[in-house]
Amino acid sequence: IVQGQEAGRWPTIIDVDEDGSVMANKFDNTPLVSAWGIRPFELATLRLQNLIGVQGKNWNELKPADERCLTQLGGCVVVGEGGQALYSWLDRGLCDVPDFDDLLERI
């Protein structure tokens, strides 16, 4: 995160002293995500940095030969005992989540 901050990719969220040591992190009071030891905003920031830094800069080399083959990044399907889809949802972009009330009503 410090590397991205120093490159000006986002606002100052890490306080760094003169020798580069992290003194404070504005995410410090945010709960950690499971046993990963990382906070949700940090994870999203790192994923976005990867998206911009790797995929964006190298898109011509990374893209599929046939753009109709782009994959869906996320979704949710609940399948019933007979194999029929009880609920299906596709994401519309970064950090998109299904409406859980809608999901629960359908199952």
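Residue indices begin at 1 and follow the sequence shown. Worth knowing before you read on, the calculation uses all heavy atoms, side chains too, and leaves out hydrogens, waters and symmetry mates. Everything quoted here is computed from the prediction, not taken from an experiment.
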Gln84 atom CD, over 12 foreign heavy atoms within 6.0 Å: yes
Co-membership, hydrophobic cluster, residues Ile107 and Trp89, 4.5 Å side-chain: yes
Closest non-hydrogen atom pair, Asn58 against Val54: ND2-O, 2.9 Å
Distance (rounded to the nearest 0.5 Å) between Cys76 SG and Asp91 CG: 11.0 Å
Partners passing salt bridge (charged side-chain N to carboxylate O under 4.0 Å, His left out) against Asp102 (at least two apart in sequence or in another chain): Arg106
Sub-4.5 Å side-chain heavy-atom contact between Gln5 and Ile13: yes
Qualifying residues under side chain to side chain contact (heavy atoms under 4.5 Å, CB included), relative to Val22, sequence neighbours excluded: Val2, Ile14
Over 12 foreign heavy atoms within 6.0 Å of CD, Glu81: no
Inter- and intrachain pairs under salt bridge (charged side-chain N to carboxylate O under 4.0 Å, His left out), touching residues 2-17, at least two apart: none
Hphob cluster co-occupancy, Leu104 + Tyr87, side-chain heavy atoms under 4.5 angstrom: yes
Any residue meeting side chain to side chain donor-acceptor pair (under 3.5 Å) with Asp19, in chain and number order, not counting sequence neighbours: Ser21
Contacts of type side chain to side chain donor-acceptor pair (under 3.5 Å), residue Asn25, not counting sequence neighbours: Glu42
